[in-house]
Each structure stands twice: as structure tokens, then as C-alpha cells.
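Heavy atoms only: backbone and side chains are in, while hydrogens, waters and symmetry mates are out.
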Amino acid sequence: MSEPAGPTDAVLVVLDDLLAEGGELDVLIGELSPAQWATPTAAPGWTIAHQVAHLAWTDTGALLSVTDPDAFAAEVYKAAASPDTFVDDGAEAGALLPPAELLSWWRDSRVQLQEALRAAPAGARFPWYGPPMSAASMATGRLMETWAHGQDVFDALGRTRKPTDRLRHVARIGIRARNYAFAVRGLEPPAEEFRVELTVPGGEGDGVEGGPGTWAFGPADAQQRVTGPALDFCLLVTQRLHRDDTAVTAEGADADRWLDIAQAFAGPAGPGRPPRSSSNPIADGGA
């Protein structure tokens, strides 16, 4: 009897990029003093400790989904009982831990999730708070959250980071979540596909269709179109930057509406960040 096949090359690419994304943030927070963990971020009521606690909490949830689906189902039941607070409750509980303990938790959960997803059989699907996810989708979701919450940490510390081609995963999940962004607001998703053309960080493509310097998604002849820098688009769909503060543009009424409500993450419709011109000094310092 043959052994079940392991992850495909495509899944391994996402997992490698997830590893790199977490490692970049780890380098930054690993050098923080205990007092710096209490630095406020642009998310109301969340400090750097809350941001890292959220990542540790969701990585642990993802690990549970992969290794013990029944136990994860119990967590989904708990979430359904308090849909408006369960995410904040998880972050608050983790933020109360000593910084060294919190950092250790996040590191351990990242390593264990990597191992579990790399050991998962090809084609496996895992439960989540929305539809079941493949290993590639699970890893992409974790990368998107790591990048987005990492952005909050970098901004809170007044640090900048160079965009990388790992943003293609964030862009892709944001585009795939288009219909969800409409549906979660009680709106009918558009019937037609959109064309999305994004300027690649650094100006060099990596084989994604669209030509040199561009990542392109959707039919080339689509009437509804979105264009702009990949970084701006990723900040928009992760709701780290208000649309007015980006260089992302839309052609067509449906595409224009989408940019007002886009979200790459599951869960309730998020309010997003206010325009920098009307936000507080912390939000003005970053997304």
C-alpha cells in the first residue's frame, strides 16, 4: 500500500513564504524591551502585545484545525456564541502574558503549524471559521494575517520594511475574497470577474501573468478593472489603509464599490481604518 502523497510544490512555496514572513517580524519583536510591548498600535485598544497574541492565538487555532478537527469544532461553537468579541477576547488574554512567554508561544505555534501542514496529505481540507480550507489556503491565510498584523507592529514602532514578492499571496487572497466582502455586508456579489493589475514591488515580476513589473488577475477584457501598486492594494484589502490614502483606482461601478468594502479576512465586516487626514496621530503614523 502506497504512502499518501505529501504537499505539492505550490503548497511548499506558500509555506516557505509563510516561514519567511514570520521570521521577518520575529527579528523585529525579538529585540523589544518589555515596555515596548505595551506600545499602542493603530488598531483601537490593541498594543503590540495584542497583535502578537492574536497571531499566536490564530496559529494555535489553525494547528488545532489540522491536527484535531473535532476539538476545533468546539472552538468554532464558542466563537459563534460571542461573534463580536471572541477575537478581541483571545488577543486580550494573550496580551496579559509576560512578553517572553508570549513570544515563545507565538514561535512554538508557528513551528508546529509548519510541521503539521508539511505533513498533511495532498488534497486534505481543514475546517475553519468559514468554508474548509486546503493546506495552501490555510498557509496563505496565515501569511496574510502575519503580514497585516506585522504591519501594525512596524508602524507602531515607526519602522519601515521593504515590500517583497510575498505580497502576491496577500493580493491573491484579497481578490479571491471579493464575493465574501459583498456577501458579509448583505450585498449581491457581482456576476462578472474583475481584472486586477498590480505594480510589483521592486518593478520585477516573478512569472505571474501580466508582463514585466505587473501581477495580473482575471480576464484581460473585463469591463470592471482595478489597478495600482501591489503594496497599496494589500494594505487596502487587509484594511490597514483607507482607500483615500492609496493609489489604487477602479473602472466600473462594481469595482469602485468593491474598493470601499474589500477585506481579505473572514469574519464580520470590518470598519477599516479612517483616512489619515481624519485619524489620530498613531493611525497617521501608519496603516
If you define the side chain from C-beta out and look only at heavy atoms, does anything of [X] sit under 4.5 Å from [Y]?
X: W147; Y: L235; result: yes
X: T238; Y: F265; result: no
X: F182; Y: P190; result: yes
X: W128; Y: F72; result: yes
X: V226; Y: T249; result: no
X: R172; Y: F217; result: yes

| query | Do other residues, nucleotides or ligands put more than 12 heavy atoms under 6.0 Å from the CD atom of Q223? | reply |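 Atom CD in Q223 is not crowded, with 12 or fewer foreign heavy atoms closer than 6.0 Å.
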| request: Flag yes if more than 12 heavy atoms outside R185 fall under 6.0 Å of its CZ atom; otherwise flag no. | output: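 More than 12 within 6.0 Å, yes.
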Can you tell me how far apart [atom1] ([X]) and [atom2] ([Y]) are? Round to the nearest 0.5 Å.
X: F233; Y: L241; atom1: CZ; atom2: CG; value: 13.0 Å
X: D221; Y: E193; atom1: CG; atom2: CD; value: 10.0 Å
X: L143; Y: E21; atom1: CG; atom2: CD; value: 5.0 Å
X: L63; Y: Q114; atom1: CG; atom2: CD; value: 11.5 Å
X: L187; Y: R257; atom1: CG; atom2: CZ; value: 5.5 Å
X: D152; Y: L25; atom1: CG; atom2: CG; value: 10.5 Å

Considering non-hydrogen atoms only, spot the tightest contact between [X] and [Y] and give its length.
X: R276; Y: D245; value: N-OD2, 2.9 Å
X: P219; Y: R195; value: O-CD, 3.2 Å
X: L102; Y: W37; value: CD2-CZ3, 3.7 Å
X: T60; Y: A56; value: OG1-O, 2.7 Å
X: P229; Y: L198; value: O-CD2, 4.4 Å
X: P40; Y: A156; value: O-CB, 3.4 Å

| message | Could you go through Q151 and D155, starting from their C-alpha distance and side-chain angles, then the distance that decides it, and tell me whether this counts as side chain to side chain donor-acceptor pair (under 3.5 Å)? | response | CA-CA 6 Å; Q151 186 68 44; D155 287 341; 3.1 Å; yes
Exam field: side chain [X] to backbone [Y], donor-acceptor pair closer than 3.5 Å:
X: S104; Y: A100; value: no
X: D232; Y: A247; value: yes
X: S65; Y: P127; value: yes
X: H149; Y: T146; value: no
X: Q224; Y: A255; value: yes
X: R225; Y: E251; value: no
X: S82; Y: T85; value: no

| query | What pairs with H169 under side chain to side chain donor-acceptor pair (under 3.5 Å), at least two apart in sequence or on another chain? | reply |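 Here the qualifying residues are D17.
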Should [X] and [Y] count as an ion pair when the cut-off is N to O under 4.0 Å?
X: E31; Y: R159; answer: yes
X: R118; Y: E115; answer: no
X: R168; Y: D165; answer: yes

| said: What verdict does the side chain to side chain donor-acceptor pair (under 3.5 Å) test give for T39 and T47, after you've listed the backbone C-alpha separation in whole Å, the side-chain angles of each residue and the deciding distance to 0.1 Å? | reply: CA-CA 5 Å; T39 303; T47 64; over 6 Å; no
| task | Describe, in one word, how the ring planes of Y129 and F86 are oriented to each other, choosing from parallel (under 30°), tilted (30 to 60°) and perpendicular (over 60°). | result |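 The rings of Y129 and F86 sit tilted, inter-plane angle from 30° to 60°.
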| task | Quick one: sort the W46 and H50 rings into parallel, tilted or perpendicular, breaks at 30° and 60°. | result |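 W46 and H50: parallel rings.
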| task | Before giving the answer on side chain to side chain donor-acceptor pair (under 3.5 Å), spell out for S137 and T140 the whole-Å C-alpha distance, their side-chain angles and the decisive distance to 0.1 Å. | result | CA-CA 5 Å; S137 294; T140 302; 5.9 Å; no
| field | Full working for side chain to side chain contact (heavy atoms under 4.5 Å, CB included) between W215 and T199 | value | CA-CA 7 Å; W215 292 331; T199 305; over 6 Å; no
| request: Would you mind listing every salt bridge (charged side-chain N to carboxylate O under 4.0 Å, His left out) that reaches into residues 132-150, with sequence neighbours excluded? | output: D59-R142, R142-E145
Honestly curious: do [X] and [Y] fall in one hydrophobic cluster under the side-chain, below-4.5 Å linking rule?
X: L19; Y: L28; result: no
X: V237; Y: Y180; result: no
X: V184; Y: L259; result: no
X: L167; Y: V14; result: no

| said: Under a 3.5 Å threshold, yes or no: a donor from one side chain and an acceptor from the other, between T41 and Q51? | reply: yes
| Which residues satisfy the salt bridge (charged side-chain N to carboxylate O under 4.0 Å, His left out) test with E24, sequence neighbours excluded? |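 Only R161, R166 meet the salt bridge (charged side-chain N to carboxylate O under 4.0 Å, His left out) criterion with E24.
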| request: Please confirm whether R178 makes a cation-pi placement over F194, using NZ or CZ under 6.0 Å from the six-membered ring centre and within 45° of the ring normal. | output: yes
| R110 NZ/CZ over W106 ring centroid, <6.0 Å and within 45° of normal | yes
| request: Please name the residue in the list Q263, R243, R273 that meets the side chain to side chain contact (heavy atoms under 4.5 Å, CB included) test with L236. | output: R243
